[in-house]
**Student:** 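Just passing along the structure, written as structure tokens.
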Amino acid sequence: MLHHENIVPFDPERFFDLIPDPVCIASTDGSFKKINAAWERVLGYTTAEILSIPFFDLIHPDDREQTRKDLRQQARLKIIRFVNRYRTKSGDYRWLEWNATPGDGDLVYATARDITGRIEAEEQIRLWADTFTYCAHGIAIGIPSTKRIMTCNPAFAAMHGMSIDEVSGLHFFDLYPESEHERVSQKIAELKQKGVIRFEATRLKKDGSRFPVQMDIVNISDDEGNLLYHITTVQDITERKKVEVALRESEKRFRSVVESAPEAIFIQAGGCFVYLNPAAISLFGASSEEALVGRAVLDMVHPDFRTLVGEHMRLLNEERRSLPALEKRLLRCDGTSVDAEISAVPFTHESMQGALVFVRDITARKKAEEERLQLEIQLFQSHKMESIGQLAGGIAHDLNNLLTPILGYSEMMQEQLAGDESLQEAASVIHQASLSARTLIWKLLEFSRSRSLEYRSMDLNEVVKGFEHLLRRTLREDITISYILFEETLPVQADSGQLEQILMNLSVNAQDAMPYGGQVLIETDKVIEQEPLSELTPGAYARITVSDSGEGIDGETLTHIFEPFFTTKERGHGTGFGLATVYSIVKQHKGFIRVFSEPGKGTQFKIWLPLFAAETVMKNDEVKQCIAEKPEGSILVVEDNDQVRRFVVKTLERQGHAVLAASGGAEALELLDELQICPDLLVTDVVMPGMNGRELAEKIRMIHSDIKVLYMSGYAGDIISSQGVLDEGIDFLEKPFSMQVLVAKVTEMLCR
């Protein structure tokens, strides 16, 4: 008989929570109505969190559609079963296996079981099964106690020409030729000690043929260390063996070709030489291959190229990238350098990554290229100068004709406006601008060597002093200019503009050698050379010395310092004409130049110019006396440019001369014939329409042989020379000229 007081009342809620698997009551609209405590353990959410989330939001997106289809079956089935994945609070997904029963209305009663572990285990088993079945290498499982094969994968059976059933149960030695049995036994004994072995062997196929293999065998034991079975992996290395044989033959041929190659070839591995052919040994100047093998390749690379070569070696050794032919500089064993063209490809030497390097000595080629480049540069500079000369010659005439009256009339205006400071200042500005324009044209002509030289007797000291103002404005303020001039007159026959060019070029060169400031010293003196000095004969010379406190010049540079196109300045900062021009001017003046310099001790240029003979000086003194008396004479001016002609006529008339004017040669001859006069001086343009100045002078001299002739022109020197008016002893005025220059020249000619 039962005692009711001992019976525990049934509590559905407590029973619901004690169920270990997740249980729920849900609505087909996608919401949970009730869940048990197991849900929090499986998914990590609290009960309140799960009840607030539509269950379709927890289902993996790939499983939602199938879950909807499964739930729709509840209308016709009492129990539905399906599997899907639910998201945990940590973001992972768990596999759940469901049993669902339809309830009242739209309710569903369901129980879920977490089968994640089972599914993962099944996937792992399937993965290993697929690996075993589909592995390209042969795999067999052997029983150590019986030395027989338990099973194998298809690849193992296929490489022996058998099926899996035929292989299963075979003794280990059945698949080796008898000659391999003893060796295989040794390997199995070794396997007992090591637990894993690898070796190469020969295997047998069903038809008795043999093939080489690589064997990898490992022991598998239980937790107590008892040996259970062997797993053997077999790889058919027939093709590899063929490749190795071919490689050995290839290496033999390679060595034969490389040894006899005229080009230097070496192999580097790990950044060191491991092989050099005879040509490479010779290139590096080594006594033998042993002298370089094992030595770092970078040791034999010029320091200027080591960083670059080091990066190239990294690309070859690590990234296995080939390198195109590049020019570098290498070192020989004696320390000398050699220019080389180097290319390389990745190369493996005894399992070490490295490179096969090809080296071609291009020292001779580089020298030839440099010589060709210098010739090309010189040709280019020559063409450039020729083009500039042609351009200068083309525009100089018109510009000089325009500047001549501007320059001259501005001088007249300055004299006439002496009482009006404002207007006189304006005239002065016009005059200075004209002088600047004239200087620009002359510089252009000098650069193109189209300007003519006019040699006159002058005092070297006066040229130096007269140029002081312009030189001071040209050099930087941190350059001090000092002078020590000879106390007596130093008469020389020279072109003053060219002497000024010498001073300018040497001083600017000195400035460039003193980037942080310094001193330029200009000295003049008189020297008597008793012994022949290079190209100078014994005699009296005026000597000018330009010294600086700059950086100095090394011996190698000194040997090239006067060469055209040679410069130590950066590209674009010098043409290399400065000192070459100085040298050329000195030679044209029959002088001699010498340079003295050492690095860090400054530089000194000395120039010797011949002094005048005593009688020449006497004649010059007589001319000076005559000039002081301002002689007057009759002058015929012939000029096709109206403005220039009127300026010359007016200037000479203001000096008291009787002046006749004509616009061309024919008109001048008619004028002389009509007036029946004989002028003291003919002032004529050189290039004129119809009859040029030289032809006009010759025709007049046929009648008046004593007439003096002063030529003038605005054309470049080479054009004037073609007219024959720059011969020695001929007087010439280069346009544009000032009023003072014209007056001085005419006065000096009348005084001869």
**Student:** At what distance, to the nearest 0.5 angstrom, does CD of Glu551 lie from OG1 of Thr603?
**Tutor:** 9.5 Å
**Student:** With a 4.0 Å cut-off, would you call Arg365 and Glu369 a salt bridge?
**Tutor:** yes
**Student:** Enter the distance from Asp361:CG to Glu341:CD here, rounded to the nearest 0.5 Å.
**Tutor:** 11.0 Å
**Student:** Without hydrogens or angle criteria, can the side chains of Arg240 and Gln235 be said to hold a donor-acceptor pair below 3.5 Å?
**Tutor:** no
**Student:** How many angstroms lie between atom CD1 of Ile607 and atom CD1 of Ile544, to the nearest 0.5 angstrom?
**Tutor:** 6.0 Å
**Student:** Cut-off 3.5 Å, side chains only: do Gln268 and Asn317 have a donor facing an acceptor?
**Tutor:** yes
**Student:** In Å and rounded to the nearest 0.5 Å, what is the CG to OG1 distance from Leu609 to Thr524?
**Tutor:** 11.0 Å
**Student:** Would you call Glu311-Arg314 a salt bridge at under 4.0 Å N-O?
**Tutor:** yes
**Student:** Looking at Glu244 and Lys241, is any side-chain nitrogen of the basic one under 4.0 Å from a carboxylate oxygen of the acidic one?
**Tutor:** yes
**Student:** Taking Glu190 first and then Lys187, would you say they form a salt bridge - that is, a charged N and a carboxylate O separated by under 4.0 Å?
**Tutor:** yes
**Student:** On a heavy-atom basis, which atom in Asp459 and which in Leu490 lie closest, and how many Å separate them?
**Tutor:** OD1-N, 2.9 Å
**Student:** Considering all heavy atoms of both residues, which atom of Ala355 and which atom of Leu316 are nearest to each other, and what is their separation?
**Tutor:** CB-CD1, 3.8 Å
**Student:** After noting the C-alpha distance and the side-chain angles of Lys465 and Glu462, does the key distance pass the salt bridge (charged side-chain N to carboxylate O under 4.0 Å, His left out) rule?
**Tutor:** CA-CA 5 Å; Lys465 288 187 289 186; Glu462 294 203 3; 5.9 Å; no
**Student:** Would you indicate whether the side-chain heavy atoms of Leu460 and Phe486 approach each other to under 4.5 Å?
**Tutor:** no
**Student:** Decide if the gap between the ring center of Phe284 and the ring center of Phe273 is smaller than 6.0 angstrom.
**Tutor:** yes
**Student:** When you compare the side chain of Glu523 with that of Leu521, does any pair of heavy atoms fall below 4.5 Å?
**Tutor:** yes
